[in-house]
Visitor: 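Take this structure, written in structure tokens, and hold onto it; I'll ask about it next.
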Number of protein chains: 2
Amino acid sequence: MGRMYAIGEMSRITGLSVKALRLYQEKGLLEPSRVDPSSGYRYYTERDIPLAHTLRALRDLRLSLEEIRGVLAELSQGASLAEQLARVRARLAEEAASAQRSVLALDTLLRHQAQAEEYLRAPPPLLEHWLPPVRVAVHRARGRYSDASEVFPRLLATCGPHVAGAPFCLLHEAEYREDDADLSWCVPLAPGATPEGVHVEELPEVQTAVIVHSGPPESVGPSWARLFAHLHAKERTPSIPLRETYLRVATKDGASWLTELALPWVGSGLRNRT
Amino acid sequence: MGRMYAIGEMSRITGLSVKALRLYQEKGLLEPSRVDPSSGYRYYTERDIPLAHTLRALRDLRLSLEEIRGVLAELSQGASLAEQLARVRARLAEEAASAQRSVLALDTLLRHQAQAEEYLRAPPPLLEHWLPPVRVAVHRARGRYSDASEVFPRLLATCGPHVAGAPFCLLHEAEYREDDADLSWCVPLAPGATPEGVHVEELPEVQTAVIVHSGPPESVGPSWARLFAHLHAKERTPSIPLRETYLRVATKDGASWLTELALPWVGSGLRNRT
DNA sequence: TGGCGGTCTCCCCCTGGGGGAGAGTCAAGC
DNA sequence: GCTTGACTCTCCCCCAGGGGGAGACCGCCA
């Protein structure tokens, strides 16, 4: 019988913490070679070291203690590890994929945030461009703009993870109405996503004049007026539906709202996407 | 003031469990619009729904509640989210990478296991081939083979995550010695890995006769004899060091040990790797 | 024999809730 | 108005994988 190691020394040898060693004993994964009955001191020998090292290696591979128990059981019987390890592999692969998906989603979010910051620092001038076609979950109703805080949450809750962009609102009449506007509440969907319990529609592309409005949504009036004046000056005919996209919503600081206003038009323009 | 939702209805609307809603209130993340002072019933309104939805979206992105708290605080002030989200992104990216590394390591392990199974089902015949050069952590000492259970764990513990293959043992004398053999205990290292506190050496490639021995390591004698007899029959001169690679170690079931025996030789062979 | 460092057990803490007990509440039907 | 069934309340224990620390022993060296 060789040298005996107390728990602290064993910890240094194996890289497992003292707490972990005690836990693994309690879980029946790694029993000390001897436990002094009077003092309760745990003593390990060289024979315990390979098992401890295996344990550490598996733990560092992110196996749960339960999975480790299974692997060790099969290992000590010389049985096949393939099935156990394949299960673990599947779990870890899913974990990695999930984290990776989150990273990608966060990147998208960060890009949108960065663009919003950019818009706040230097609001883009009035521009003309084609809005691309987009698949949306849509809820059409008569009502007022301030219903947004009621409608969008429902829509977002229904679409869940299929949401692929900032929500927007279509105004089907050009005249401003306080409380009986004909509105479509829209949420862009990821390609291929098919949420249930909601009407899905494909919006065609459309040529528009666009401006980004900075400030709370009650104050968009003058910005709309600029768009109408612009088209009028170019002898183009405004069309419907108007689109208000809520790029950034602030709850307390009124200054950092961002709304993209897009006014479609018909008339002299030949389609030209440059 | 619009409709009020009790906690169960709110749960259905937002997709957050009742338990979660209560927890988020306790953590100060989502306060119900009204709590009945006499009954303690929580009542939510439409105004609470967007926040709840944001909360759920962030949680589904794997943010911790603490991270969510930070994001919501900045969100409600319209402040920049970039820093917070970048931190979260870094954490998640590391998490994904770590899980991915584990998956790759498990794949390697599974391949080795599969090969070991293969060897157990159909032991490969005696083969001649070149062992490739390999970088190893090495500990040379006089002793006995059964010291393996003492020496390898130390070596593995020292090299930690740099280990890149099955450990093996070099025998620097061709004669069998019970308890005073001149041995090198070796652990292959990953390319570029530089573990501390251990001697690292590059072993040259060498031409060998190889056989895989199935059974406990005490029983390798006859297999070594086969290798020597094979070389003798071909009029080749056995050389040193002999290499015993421990492909698979079983603790209880003596039948599933696997040891690769490699005997280098010099003589008539021209180098030919075909 | 004293001292110092190591070790023991026991308890609470973290995350993000799940499960359930026992008691109180709301709304609808009769 | 009363009953009933569905909700909801608070409170407590549970999961993994340990970390931190309190108070009490233990082992070894001078």
Side-chain angles (χ1 to χ4, degrees), chain A residues 3-44 48 52 55-72 87-88 91-92 95 98-99 102, chain B residues 3-44 48 52 54-72 88 91-92 95 98-99 102:
Chain A
R3 186 147 148 38
M4 309 277 272
Y5 306 104
I7 199 170
E9 203 159 1
M10 186 69 174
S11 165
R12 250 164 279 131
I13 292 174
T14 62
L16 295 166
S17 76
V18 170
K19 286 280 190 182
L21 285 170
R22 288 201 269 247
L23 180 68
Y24 298 161
Q25 178 193 6
E26 188 187 322
K27 298 274 180 182
L29 293 173
L30 175 61
E31 210 67 27
S33 285
R34 195 171 78 84
V35 176
D36 186 305
S38 75
S39 73
Y41 271 38
R42 295 162 178 83
Y43 292 102
Y44 299 84
D48 301 319
L55 200 42
R56 186 164 100 92
L58 292 176
R59 190 196 62 176
D60 291 351
L61 280 178
R62 310 174 122 239
L63 274 73
S64 74
L65 295 191
E66 218 36 59
E67 288 167 337
I68 291 177
R69 183 199 308 285
V71 169
L72 291 184
R87 259 202 299 278
V88 172
R91 177 179 68 78
L92 285 175
E95 209 173 288
S98 163
S102 290
Chain B
R3 186 146 149 37
M4 309 276 273
Y5 306 104
I7 200 169
E9 203 158 1
M10 186 68 175
S11 164
R12 251 163 277 131
I13 292 175
T14 61
L16 294 165
S17 76
V18 170
K19 287 279 190 183
L21 286 170
R22 289 202 268 247
L23 179 68
Y24 298 162
Q25 178 192 6
E26 188 186 321
K27 299 272 181 183
L29 292 173
L30 176 60
E31 209 68 26
S33 285
R34 195 172 77 84
V35 176
D36 186 305
S38 76
S39 73
Y41 271 39
R42 295 163 178 83
Y43 292 103
Y44 298 84
D48 301 320
T54 304
L55 201 41
R56 188 164 99 93
L58 293 176
R59 190 195 62 175
D60 291 351
L61 281 177
R62 311 174 123 240
L63 274 72
S64 74
L65 294 192
E66 218 35 59
E67 289 167 337
I68 291 177
R69 182 200 309 285
V71 170
L72 290 184
V88 173
R91 177 179 69 78
L92 285 175
E95 210 173 289
S98 162
S102 290

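Note on naming: letters A, B, ... go to the chains in the order of the sequence lines (proteins, then strands), and numbering restarts at 1 for each one. When reading the values below, keep in mind they use all heavy atoms of this one structure, side chains included, and skip hydrogens, waters and symmetry mates.
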Visitor: Can a donor-acceptor pair be found, under 3.5 Å and without considering hydrogens, that links the side chain of B:Ser11 to the backbone of B:Leu16?
Guide: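 Yes: the side chain of B:Ser11 pairs with the backbone of B:Leu16.
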Visitor: Got a sec, which pairs hit salt bridge (Lys or Arg N to Asp or Glu O under 4.0 Å) with one end in residues 60-69 of chain A, sequence neighbours left out?
Guide: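 Residue pairs passing salt bridge (Lys or Arg N to Asp or Glu O under 4.0 Å), neighbours aside: A:Arg56-A:Asp60, A:Arg62-A:Glu95, A:Glu66-A:Arg69, A:Glu67-A:Arg91.
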Visitor: For the pair made of CZ in A:Arg69 and P in D:dC15, what is the distance, rounded to whole Å?
Guide: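 Interatomic distance, CZ of A:Arg69 to P of D:dC15: 13 Å.
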Visitor: Using whole Å, report how far CD1 of A:Ile7 lies from C1' of C:dC8.
Guide: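 One finds 10 Å between C1' of C:dC8 and CD1 of A:Ile7, rounded.
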Visitor: How close or far is atom C1' of D:dA16 from atom CZ of A:Arg91, stated in whole angstroms?
Guide: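 Result: 12 Å.
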Visitor: Could you work out, with side-chain hydrogen bond (donor to acceptor under 3.5 Å, both in side chains) as the rule, every residue matching B:Tyr41, not counting sequence neighbours?
Guide: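 Once residues adjacent in sequence are excluded, B:Tyr41 has no partner under the side-chain hydrogen bond (donor to acceptor under 3.5 Å, both in side chains) criterion.
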Visitor: For A:Glu26 and D:dG19, what is the distance between atoms CD and P respectively, to the nearest whole Å?
Guide: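 Roughly 14 Å, once rounded to whole Å.
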Visitor: Starting at CE of A:Met10 and ending at P of C:dT7, how long is that distance when rounded to a whole Å?
Guide: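 From A:Met10 CE to C:dT7 P: 12 Å.
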Visitor: Does the protein touch nucleotides 14-24 of chain C at the base, only the backbone, or not at all? Give it as B, S and - per nucleotide, heavy atoms under 4.0 Å.
Guide: -SSSSBB---B
Visitor: With heavy-atom distances below 4.5 Å as the criterion, would you say the side chains of A:Leu23 and A:Leu65 are in contact?
Guide: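 A:Leu23 vs A:Leu65: side chains touch.
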Visitor: Tell me whether the OP1 or OP2 atom of C:dC8 has a side-chain N or O from A:Arg42 closer than 4.0 Å.
Guide: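 Yes.
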Visitor: Provide, to the nearest angstrom, the distance between the CD1 atom belonging to A:Ile68 and the P atom belonging to D:dG17.
Guide: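 Between P of D:dG17 and CD1 of A:Ile68: 8 Å.
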Visitor: Rounded to whole Å, how long is the line connecting atom CD of A:Gln25 with atom C1' of C:dT9?
Guide: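 One finds 12 Å between C1' of C:dT9 and CD of A:Gln25, rounded.
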Visitor: Map B:Arg12 and A:Asp36 onto DNA chain D by nearest heavy atom, then report which one ends up closer to the 5' terminus.
Guide: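 Its nearest nucleotide lies further toward 5', so the answer is B:Arg12.
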Visitor: What integer distance in Å separates B:Met4:CE from D:dC7:P?
Guide: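 Rounded to whole Å, this separation is 19 Å.
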Visitor: Does the side chain of A:Thr14 reach to within under 4.5 Å of the side chain of A:Tyr44, using non-hydrogen atoms?
Guide: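 Not in contact.
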Visitor: What's the separation between atom OH in B:Tyr5 and atom CG in B:Asp48, rounded to the nearest 0.5 Å?
Guide: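 Rounded to the nearest 0.5 Å, the OH-CG separation comes out at 10.0 Å.
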